[in-house]
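Have a look at the structure below, then the notes.
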Number of protein chains: 2
Amino acid sequence: MKKTAAKPHFSEIAQELTEAITSGRYPVGSVLPGELELCGLYNTSRHTVRAALQELQQLGLVSRKKNAGTRVESAAPKNDFRPSLSSLEDLIQFGSSNVRVVQSIEETTASGELAKALGCAGGSRWLRISSLRVDSASQRPVGWTDVYVDPLYAEIGEVVRASPDTLVSTLIERRYGRHVAEIRQVIRAMTIGEEMARALQVSPGMAGLEILRQYFDAAGQIFEVSLTVHPADRFAVAMRLQRSAA
Amino acid sequence: MKKTAAKPHFSEIAQELTEAITSGRYPVGSVLPGELELCGLYNTSRHTVRAALQELQQLGLVSRKKNAGTRVESAAPKNDFRPSLSSLEDLIQFGSSNVRVVQSIEETTASGELAKALGCAGGSRWLRISSLRVDSASQRPVGWTDVYVDPLYAEIGEVVRASPDTLVSTLIERRYGRHVAEIRQVIRAMTIGEEMARALQVSPGMAGLEILRQYFDAAGQIFEVSLTVHPADRFAVAMRLQRSAA
DNA sequence: ATTAAATACATGTCCGGACATATTGAGTCT
DNA sequence: AGACTCAATATGTCCGGACATGTATTTAAT
């Protein structure tokens, strides 16, 4: 018996069983041989067989119950990854910490382009809070942010100025009790224009990272939108995706 | 002797260790006692200790290496925000589907810059699979991808060519049984150089989106790295984050 | 026939041992 | 110092056994 690769025995068994399942030899809903039976089939110990079965279980291919044996649950390993992060702040990883410096707060009318970005009807009114994110260490700007909120929340302006290190959405949650149920995020590359370049202290035409975030409440209503631009060399978005638990 | 709660001994040990880590008694970066040492501490067998450690490993709390012991990697965050997305493929959203067209497959040595990006020691050998992602509708290239895998998986080359619409990581899973447990992703903006611009059929100096992905197995070992560049106007990364129901 | 108790069974937990393998670090030699 | 060899060491893999526990089936009682 020749081993094709230097691989743990239990891993090979797991692979064979996986293939047997994906190929349909063990259909979904069927129960595959018991542990002792598999021990005989692969001429190995129960410990090894269990290690293999555990792998299948982690992939969500099978489920196991005390006297019912191991049941095939799915024909394909779940390719279902979900980000694992403690909080939203962790999603955006700056080199070091940074603070928000509010530049202007004014009411505007969403038209055309902006309205589409905000996912709302054209002509609706919004309160725009423009701010600069400045790295606390180097004092250089790392990003420009326009936050759009319902004019109803006008008073939030002062609070935002007073709390330079808290997300606007968190402030709204705290003050108005409108909770974020879902966030949609789009990340794209863009070219930094002249005006923006001046604000960010970079040369125009440079590559930048644009992040659009829409904040939805439980009713599915957008109540905050943020649009951020970061110079290419001063920012990156990092995240971890873990296979979701069975 | 009446125990207070749910019994499995290894589970209790796992819980105690988890608490010890979250409380900071074992700080991130530190190495906790060896298996035999823990056997003595908890007065149990090595098998049981290993079962407990395996649990911590699956939670992403620790990583284990052959002679380096068990290292604390994370301080157990309480999953406040529970972002969700359907699958990895959905994570990269473009208008329509696209196909991979392999350009070249060759062995290279990771040096300096690349080694750092790959998160490995300099001088190590990797198999590089360069490919172009082409939009099926417009037939225009939407991205250039360099996938780096262990030269051990050299045969994967043919398979990759044959399956132009499947992720390389999925192909490795199927063929070699090495499963992805975690993906780390970094997104940044960059400027597209001359060579790359030619390949992507855009003008040089244009802004581009660079996505670095590192694929880890259950043991915390990197076994695949992909580096993708997308022209600014042809690609965006979209995702939804949902608050966990709790 | 319906319900309740006894029983067989498959997986779960745990033990103590053995050898394999890879990484570390000390010692050795240019 | 630097490159190399080699042994110590901690984890990885695997064995064969033992008893516990929950689930299903069978059997007995209502």
Side-chain angles (χ1 to χ4, degrees), chain A residues 1 3 5-17 26 30-58 61-73 246, chain B residues 1-3 5-17 26 29-58 61-73 119-125 150 152 177-179 181 216-223:
Chain A
M1 183 199 274
K3 293 257 195 92
K7 203 189 288 207
H9 197 191
F10 78 91
S11 189
E12 261 185 36
I13 297 177
Q15 192 178 340
E16 278 187 41
L17 287 175
Y26 291 122
S30 67
V31 176
L32 44 84
E35 295 178 357
L36 295 174
E37 207 166 335
L38 290 172
C39 287
L41 277 171
Y42 292 101
N43 193 38
T44 183
S45 76
R46 188 159 163 247
H47 177 81
T48 304
V49 166
R50 283 179 63 78
L53 288 175
Q54 191 187 4
E55 204 163 281
L56 299 202
Q57 194 173 13
Q58 274 174 252
L61 285 173
V62 301
S63 69
R64 319 190 67 205
K65 262 203 302 200
K66 282 256 158 103
N67 191 31
T70 76
R71 197 185 108 107
V72 179
E73 296 290 345
Chain B
M1 178 199 237
K2 196 78 176 271
K3 289 284 187 63
K7 297 317 174 329
H9 196 191
F10 77 92
S11 192
E12 260 184 36
I13 297 177
Q15 193 178 332
E16 279 187 43
L17 286 175
Y26 293 121
S30 68
V31 176
L32 43 83
E35 294 179 358
L36 295 174
E37 207 166 336
L38 290 171
C39 287
L41 278 171
Y42 292 100
N43 194 36
T44 183
S45 77
R46 186 155 164 253
H47 177 79
T48 304
V49 166
R50 282 180 63 79
L53 288 175
Q54 192 185 5
E55 206 163 278
L56 298 201
Q57 193 175 355
Q58 272 172 247
L61 285 175
V62 300
S63 70
R64 318 190 67 206
K65 263 201 300 196
K66 282 254 158 104
N67 192 31
T70 307
R71 201 185 108 107
V72 179
E73 294 291 345
C120 67
S124 53
R125 307 284 295 168
D150 195 306
L152 195 73
R178 197 164 182 187
H179 299 287
F216 294 80
D217 64 13
Q221 287 285 317
I222 299 184
F223 70 94

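Sequence lines set the chain letters: A, B, ... in the order given, protein chains first and strands last, and positions in each chain run from 1.
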*Run the numbers on B:Gln57 and B:Leu53 for side chain to side chain contact (heavy atoms under 4.5 Å, CB included), then give the verdict.*
CA-CA 6 Å; B:Gln57 193 175 355; B:Leu53 288 175; over 6 Å; no
*asked:* Just by distance, no angles: are the side chains of A:Thr70 and A:Arg64 close enough, under 3.5 Å, to form a donor-acceptor pair?
replied: no
_Whole-Å distance separating the CZ atom of B:Arg50 from the P atom of C:dT13_ = 16 Å
*Do you know the tightest heavy-atom contact between B:His179 and B:Gly177?*
CD2-O, 3.3 Å
*Interatomic distance, B:Asp217 CG vs D:dG12 P [rounded to whole Å]*: 11 Å
_Residues within residues 31-45 of chain B bordering DNA chain C, heavy-atom distance below 4.0 Å_ = B:Thr44, B:Ser45
*Under the side-chain contact (heavy atoms from CB on, under 4.5 Å) rule, collect the residues that match up with A:Glu16, sequence neighbours excluded.*
A:Tyr42
*Test A:Gln58 against B:Gln58 for side chain to side chain contact (heavy atoms under 4.5 Å, CB included), laying out the working first.*
CA-CA 10 Å; A:Gln58 274 174 252; B:Gln58 272 172 247; 3.5 Å; yes
*Over how many whole Å does the gap from A:His47 atom NE2 to C:dT11 atom P extend?*
16 Å
*Would you mind reading off the distance between B:Leu53 atom CG and D:dA10 atom P, rounded to a whole angstrom?*
14 Å
*Please report the closest heavy-atom contact between B:Ala14 and B:Leu56, naming both atoms and the distance.*
O-CD2, 3.6 Å
*Nearest-Å distance, CZ (A:Arg64) to C1' (D:dT21)?*
14 Å
_Distance test, side-chain N/O of A:Thr48 to OP1/OP2 of D:dT13, below 4.0 Å_ = no
When you compare the protein's N or O atoms with those of nucleotides 17-19 of chain D, which come within less than 3.5 Å of each other, and at what distance?
unit_1, atom_1, unit_2, atom_2, d
D:dA18, N6, A:Arg46, NH1, 3.3

*What residue pairs, at least two apart or across chains, pass salt bridge (charged side-chain N to carboxylate O under 4.0 Å, His left out) with a residue in residues 38-48 of chain A?*
A:Glu35-A:Arg46
_Neighbours of DNA chain D within residues 65-73 of chain B, by heavy-atom distance under 4.0 Å_ = B:Lys65, B:Lys66, B:Asn67, B:Gly69, B:Thr70
*asked:* Tell me the interatomic distance from B:Gln54, atom CD, to D:dA10, atom P, rounded to whole angstroms.
replied: 21 Å
*How about B:Glu73: does its CD atom have over 12 heavy atoms from other parts shown lying under 6.0 Å from it?*
yes
*Taking all non-hydrogen atoms of both residues, which atom of B:Ala52 and which atom of B:Ile13 are closest, and how far apart?*
CB-CG2, 3.8 Å
*Where do B:Tyr26 and B:Leu17 land on the side chain to side chain contact (heavy atoms under 4.5 Å, CB included) test, with the steps shown first?*
CA-CA 9 Å; B:Tyr26 293 121; B:Leu17 286 175; 4.3 Å; yes
*asked:* Restricting to salt bridge (charged side-chain N to carboxylate O under 4.0 Å, His left out), what partner residues turn up for A:Glu55, sequence neighbours left out?
replied: none
